[in-house]
Each structure stands twice: as structure tokens, then as C-alpha cells.
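Beneath this line is the structure, given in C-alpha cells, with notes to follow.
Keep in mind that the numbers below use all heavy atoms, side chains included, and drop hydrogens, waters and symmetry copies.
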Amino acid sequence: MAERSASRALPGRVDAVLIQAGIAAALSFAHLHDLAVAAGQDGWKAWAYPISVDLLLVAAWKRLRSGESKAAGWSWFLVALAAGLGANVATAGLLDLDHVPAWLRIAVAGWPAVAFLGGTLLAHSPVDSAPVLAEQHDQPTVEAAQQSPRVSKAASSSPATVPRTPLTAPPSGAVPAALVDHARKVAAEHHTRTGAPIDTATLRARLGVPAPLAEAIAAQLI
């Protein structure tokens with residue numbers, strides 16, 4: 001029974017709020033229209049001013065409800081609220097509508113540009129790239145998970161590789177005698193030219209042999 005009574009009371013509350021909001025909007029709409037007429041904006045232009053203020057207010061409120069760029073939402077919400085409140089106060093007898101000051105005419109004439117800028121910035125918010133980046137990062141993970149069984153099968157089916165052992169210097173007897181004789185000539189020529197015995201790195205470079213073989217040759221030259 002309590003739930004039924006609450007459900008019946010809720011539409012009544014919603015209707016009362018909507019009626020009150022409609023009355024307030026109509027009064028604000030009329031004040032903005034009267035102020036626009038007093039500022040020299042007659043005809044359809046006077047009716048367009050309150051519509052632009054209300055639309056900017058709604059756009060700022062939607063931005064605040066969305067939770068994105070609250071600073072921009074609050075800024076334009078206060079601008080639209082100040083325009084509506086200013087019109088309400090100005091038409092309450094504090095301002096002579098027959099002799100509107102020049103600054104107010106300038107403010108009313110410049111309002112369309114302000115409303116257009118605010119509405120455009122609030123309507124066209126930057127696209128959130130976080131979900132796109134997340135999808136781009138997740139896609140390779142899924143593909144890797146799908147390809148992992150193939151990789152594991154290929155690894156299990158491939159033959160085991162034999163580890164390579166590091167190269168060691170061959171025994172002195174395995175070095176050809178002709179190569180040793182040539183190395184002696186190279187070493188002698190180097191000693192004559194520089195006055196110092198040839199080192200292993202230079203001997204390897206002159207003979208063009210691997211490092212282990214160059215070490216074996218250098219050992220025989222000593």
C-alpha cells in the first residue's frame with residue numbers, strides 16, 4: 001500500500017514542479033522580450049533573445065549533468081543566468097525602459113554573438129579518446145591470445161636447437177706452416193716500420209683470419 005501511495009504522489013510532484021518551472025520560464029521570457037524591445041530590437045528579434053538565453057542555460061546545465069568540463073559548464077551557466085536575472089531586475093521598475101542607457105543597448109546587441117559562441121562550445125565538446133585508445137590496446141592482446149596456441153604448437157613441433165659452444169684457439173700444430181711463415185714476414189715488416197712488435201689485433205687484421213687462429217699464430221711468433 002505504501003508503494004502504491006508513493007507512486008501516486010510522484011506524478012503529482014513532477015507535475016507541480018513542471019508547472020512552476022513553466023511559469024518561471026514564461027515570466028523570464030517576457031522580461032527578456034521587453035528588455036530587447038526597449039533596447040531597440042523589435043519584431044521577431046525581440047522574441048529570439050529570450051530563446052537564445054534559455055537555450056544557452058539548458059546547454060550549460062546539460063554539460064554540468066554530463067560531468068565533462070564542469071568549468072566551462074559553470075561559466076556559461078552563470079553567463080546565461082546573469083542575462084536572465086539582469087533582464088528581470090531591469091524590468092522591475094529600476095530601469096526606465098523609455099530611456100535605455102547606451103551600454104545596455106550595446107550589451108543587448110552583442111548578446112547573439114556571445115550566445116552563439118557559448119552554445120557552440122557547449123554543444124561540440126571534444127571527443128573522449130580514452131575508450132578508443134583502450135580498444136586499440138585491447139585488440140593486440142586478443143589477437144596475441146588467439147595466436148598463442150599456434151605459437152606454442154610451432155614451438156613444440158620444432159626440433160630442439162643445439163647450443164653453440166664458443167670458438168677456441170686451434171692447437172699450434174693445426175696452424176699451417178705457410179701461414180706462420182707469412183705471419184712472420186708481416187710481423188717483421190711491422191716491427192721495421194713501427195719499431196714495436198705486432199699485436200694480435202693488428203696481426204688478425206693484416207692476415208684476415210678469425211681471432212682464435214690469430215691468437216694461435218701470435219703464440220708461435222713469440
Side-chain angles (χ1 to χ4, degrees), residues 1-140:
M1 296 296 294
E3 295 178 357
R4 292 181 180 179
S5 60
S7 62
R8 293 177 181 176
L10 183 59
R13 291 181 182 178
V14 173
D15 292 341
V17 171
L18 291 178
I19 292 174
Q20 183 177 359
I23 294 174
L27 291 174
S28 179
F29 191 94
H31 292 160
L32 287 167
H33 172 268
D34 295 342
L35 183 63
V37 172
Q41 306 295 329
D42 54 354
W44 66 270
K45 293 180 291 185
W47 295 104
Y49 272 87
I51 296 177
S52 66
V53 174
D54 292 342
L55 289 179
L56 182 60
L57 195 65
V58 172
W61 176 248
K62 289 184 64 178
R63 173 61 65 86
L64 292 175
R65 291 292 300 272
S66 66
E68 300 177 357
S69 302
K70 288 189 176 181
W74 275 114
S75 299
W76 290 108
F77 182 83
L78 293 177
V79 170
L81 187 62
L85 289 176
N88 295 335
V89 174
T91 55
L94 300 179
L95 181 66
D96 187 5
L97 297 181
D98 295 332
H99 301 84
V100 177
W103 64 266
L104 184 57
R105 292 178 179 272
I106 295 174
V108 172
W111 171 255
V114 176
F116 176 78
L117 177 62
T120 303
L121 294 177
L122 292 173
H124 298 281
S125 59
V127 180
D128 188 10
S129 59
V132 178
L133 294 178
E135 293 178 359
Q136 292 178 355
H137 286 294
D138 292 342
Q139 186 175 2

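Legend: residues meeting ring-ring contact (aromatic ring centres under 6.0 Å, His included) with W74, ordered by chain and number and at least two apart, are F77. Residues forming a side chain to side chain contact (heavy atoms under 4.5 Å, CB included) with S66 (at least two apart in sequence, or on another chain): R63, E68. Take S52 and apply the side chain to side chain donor-acceptor pair (under 3.5 Å) test, not counting sequence neighbours, and it matches W111. Residues that satisfy the ring-ring contact (aromatic ring centres under 6.0 Å, His included) test with H31, not counting sequence neighbours, are absent from this structure. K62 pairs by the side chain to side chain contact (heavy atoms under 4.5 Å, CB included) definition with V58, not counting sequence neighbours.
For A72 against L122, the heavy-atom pair with the smallest separation is O-CD2, 4.2 Å. Residue G84 comes nearest to L32 through the heavy atom pair CA-CD2, 4.3 Å, listed as atom of the first residue, atom of the second, then distance.
W76 places none of its side-chain heavy atoms less than 4.5 Å from the side chain of L64. Within the 4.5 Å cutoff, the side chain of L27 has no heavy atoms near those of the N88 side chain. Taking 4.5 Å as the limit, every side-chain heavy atom of S75 sits out of range of all side-chain heavy atoms of V79. Side chains of L57 and W61 form no contact here, defined as non-hydrogen atoms less than 4.5 Å apart. The shortest side-chain heavy-atom distance between V114 and L56 does not fall under the 4.5 Å cut-off.
A distance of 9.0 Å separates CD of Q41 from CZ of R105, quoted to the nearest 0.5 Å.
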Tabulate below the donor-acceptor pairs under 3.5 Å that side-chain atoms of residues 43-51 make, not counting sequence neighbours, or state none.
from : atom 1 : to   : atom 2 : distance (Å)
Y49  : OH     : V108 : O      : 2.8

